[in-house]
Amino acid sequence: MARFTFPDGFHWGVATSSHQIEGAWRADGKGESIWDRFSHTAGRTVGGANADVACDHYDRMQEDVDLMREIGLTSYRFSIAWPRIQPEGRGPVNGKGMDFYQRLVDTLLEAGIRPLPTLYHWDLPQALQDAGGWPERDLAGYFAEYAERCAAVLGDRVERIAIFNEPWIFTLLGHLLGTHAPGIRSFEAFARASHTVCMAQGDAFRAIKSVRPDLQIGTAFSMSACEPARDEQEDLEAAERYHRFANVFFLEPALLGRYPDAFVGGLPEEAMGIRPDDMERCRAPLDWIGINLYSRTRVEHRDDTPIGAMPGGEAIGPLTDMGWEVWPDALHDMVMRIHRDYDGPSIEVTENGCAYDDAPDANGRVQDGRRVEYLEGYIAALARAVEEGAQVEGYHAWSLLDNFEWAEGYEKRFGLIYVDFVTQTRTLKDSARWYARVIREHGLEI
Ligand code: FCB
């Protein structure tokens, strides 16, 4: 064991998203989002949960920033709710909605915390869904307009911004599997949505740079180190295809102007609706790459899927309440792969964390030792990647608060802070105090 100290200026953060914490779903002119509609539809979320109130962060923002300061955080990744800014997804800016994010940014800066906004963390204005949603190409242009407006207003106080949160997850779960909003189950909808999102990423990149050339732009991609389930050539190849599909399908069009070779029968260009000049439009030389990583994925060869692969094999590490395997090396391996494959880019770990249902004991203390162990393992793995030369600028634990975990409702608790959803009382868990120490010492034993 040796003590590892992170480089000067390394950011210690947490991440949240608008829909999962804000509540106030109709306040100050906010429009309806696809997640409002989805969770208000019977049978879509566990226990019929919705995020009408969630953590009531919209009205408790100051209290929550005070808690961030208490932990000693130096970065806060949050998302902007598009339907607060443009209730119908197009047209004039709703000033009151924008004011909220201006106040949030100013409050963070006063507290010495770097604001790291994400423009889209899944809460599409319902009016745009009614017009066809992400499978509809026009969405790319509307999104770029929205991105430009946010950048114009906030860009003087923000250094870095993320365009999308997990493009692969929201296109896949929302359009192919139907388990997330808007709840569609169609390969074609998924294929078309993916391509619109890639174009939107390029359009938004250029729109932001046109008003704020110095703003450093990235996207937070869902990633998971892909490993063959068995030590066999066909699983090895399947794991590689799965990596291209799940980890870099939305990254390579931005950096390289082409989709990676993930499908056994070639890219479904027709289903995706790719037109001659589209790939140039998808290009976006991102200034930094965000990695959201929770676990690894073991992959086996399969003949019955378009990419000839599926997650498989038995988990070896312990499972969190999500059923996700605890596997700290995955963070090291993924960061190193991105470092190697794309020429040492600037990287931010934009999400990493675990769900456990620990609650306050008789003395009001939340003893979440399993979370401490999880974070310790992953941050140590990240430290090894930094030691090996990866340019990692920050780490963000998911999440600040227990919150609305999408279709899972409130049962899955990811917070460093416990939230009593009846009283809205917040309680720092043991993991928050442990993280505060890591931040103070700017490192840990590895
Ligand atoms: C990620 C999402 C985030 C949260 C975590 C647990 O996929 O980006 O909103 O739900 O998973």
Side-chain angles (χ1 to χ4, degrees), residues 13-23 33-36 38-39 44-46 49-51 54-55 57 76-82 116-124 162-177 179-181 197 218-225 246-247 249-251 289-297 311 319-327 330-331 334 348-357 368 370-371 374-375 378 394-417 419 429 431:
V14 293
T16 65
S17 86
S18 48
H19 187 73
Q20 293 176 277
I21 66 165
E22 286 176 359
S33 78
I34 55 171
W35 267 97
D36 295 322
F38 189 75
S39 63
R44 295 301 207 171
T45 61
V46 172
N50 63 53
C55 307
H57 171 76
Y76 175 50
R77 175 173 175 248
F78 60 94
S79 79
I80 299 174
W82 187 353
L116 179 59
T118 300
L119 292 169
Y120 185 81
H121 199 127
W122 307 355
D123 37 5
L124 184 74
I163 296 176
F164 283 117
N165 179 68
E166 300 192 345
W168 186 68
I169 296 287
F170 78 78
T171 49
L172 186 86
L173 272 55
H175 304 84
L176 182 68
L177 305 181
T179 53
H180 276 193
V197 166
T219 277
F221 298 97
S222 53
M223 293 197 186
S224 174
N247 293 334
F249 198 72
F250 292 82
L251 173 63
I289 295 172
I291 299 180
N292 290 2
L293 183 141
Y294 291 85
S295 188
R296 66 168 172 170
T297 303
L319 302 182
T320 69
D321 284 358
M322 294 294 277
W324 298 346
E325 186 184 19
V326 181
W327 203 261
L331 185 56
M334 197 70 243
E348 301 255 1
V349 176
T350 32
E351 285 181 27
N352 171 243
C354 52
Y356 290 117
D357 64 357
D368 60 338
R370 290 172 298 178
R371 177 168 293 100
Y374 178 101
L375 295 174
Y378 280 76
Y395 171 88
H396 300 79
W398 182 271
S399 180
L400 176 69
L401 305 165
D402 293 337
N403 60 44
F404 176 73
E405 180 47 35
W406 308 113
E408 302 289 334
Y410 294 95
E411 306 283 295
K412 303 288 187 282
R413 292 179 175 270
F414 276 92
L416 299 180
I417 296 176
V419 177
K429 300 180 187 177
S431 57

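Both ligands and their constituent atoms are indexed starting at 1 by order of listing.
- Residues Thr350 and Asn292 bring a donor and an acceptor atom of their side chains to less than 3.5 Å of each other.
- Taking every non-hydrogen atom of Trp406 and a distance limit under 4.0 Å, the qualifying atoms of ligand 1 come out as 3 (C), 4 (C), 9 (O), 10 (O).
- If you number the atoms of ligand 1 from 1 as listed, the ones under 4.0 Å from a heavy atom of Glu405 come out as 4 (C), 6 (C), 10 (O).
- Evaluation of the salt bridge (Lys or Arg N to Asp or Glu O under 4.0 Å) rule for Glu348 yields Arg114, Arg160 as partners, not counting sequence neighbours.
- Side chain of Glu325 to backbone of Leu319: no donor-acceptor contact under 3.5 angstrom is found.
- Heavy-atom contacts of Asn165 reach the following atoms of ligand 1: 8 (O) (cutoff under 4.0 Å).
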Requested in this report: Apply the test ring pair (Phe, Tyr, Trp, His ring centres under 6.0 Å) to residues Tyr356 and Tyr374: give CA-CA distance (whole Å), side-chain angles for both, the deciding distance (0.1 Å), then the verdict.
Outcome: CA-CA 11 Å; Tyr356 290 117; Tyr374 178 101; 7.4 Å; no
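- One side chain, Ser18 or Asp123, offers a donor N or O that lies under 3.5 Å from an acceptor on the other.
- Of the listed residues (Tyr294, Trp122, Phe414), the one carrying the non-hydrogen atom nearest atom 5 (C) of ligand 1 is Tyr294.
- Distances below 4.0 Å separate heavy atoms of Gln20 from the following atoms of ligand 1: 3 (C), 4 (C), 9 (O), 10 (O).
- Remark: minimum distance from atom 1 (C) of ligand 1 to any protein heavy atom is reached at Glu351 OE1, 3.2 Å.
- Among all protein heavy atoms, the one lying closest to atom 7 (O) of ligand 1 is Glu166 OE1, 2.5 Å.
- Ligand 1 lies nowhere less than 4.0 angstrom from a heavy atom belonging to Lys412.
- A distance-only check finds no donor-acceptor pair linking the side chain of Thr45 to the backbone of Gly409 [under 3.5 Å].
- Residues passing the side-chain contact (heavy atoms from CB on, under 4.5 Å) test with Ala54, sequence neighbours excluded: Ala51, Tyr410.
- Looking at His121 against ligand 1, only its side chain comes within 4.0 Å, counting heavy atoms.
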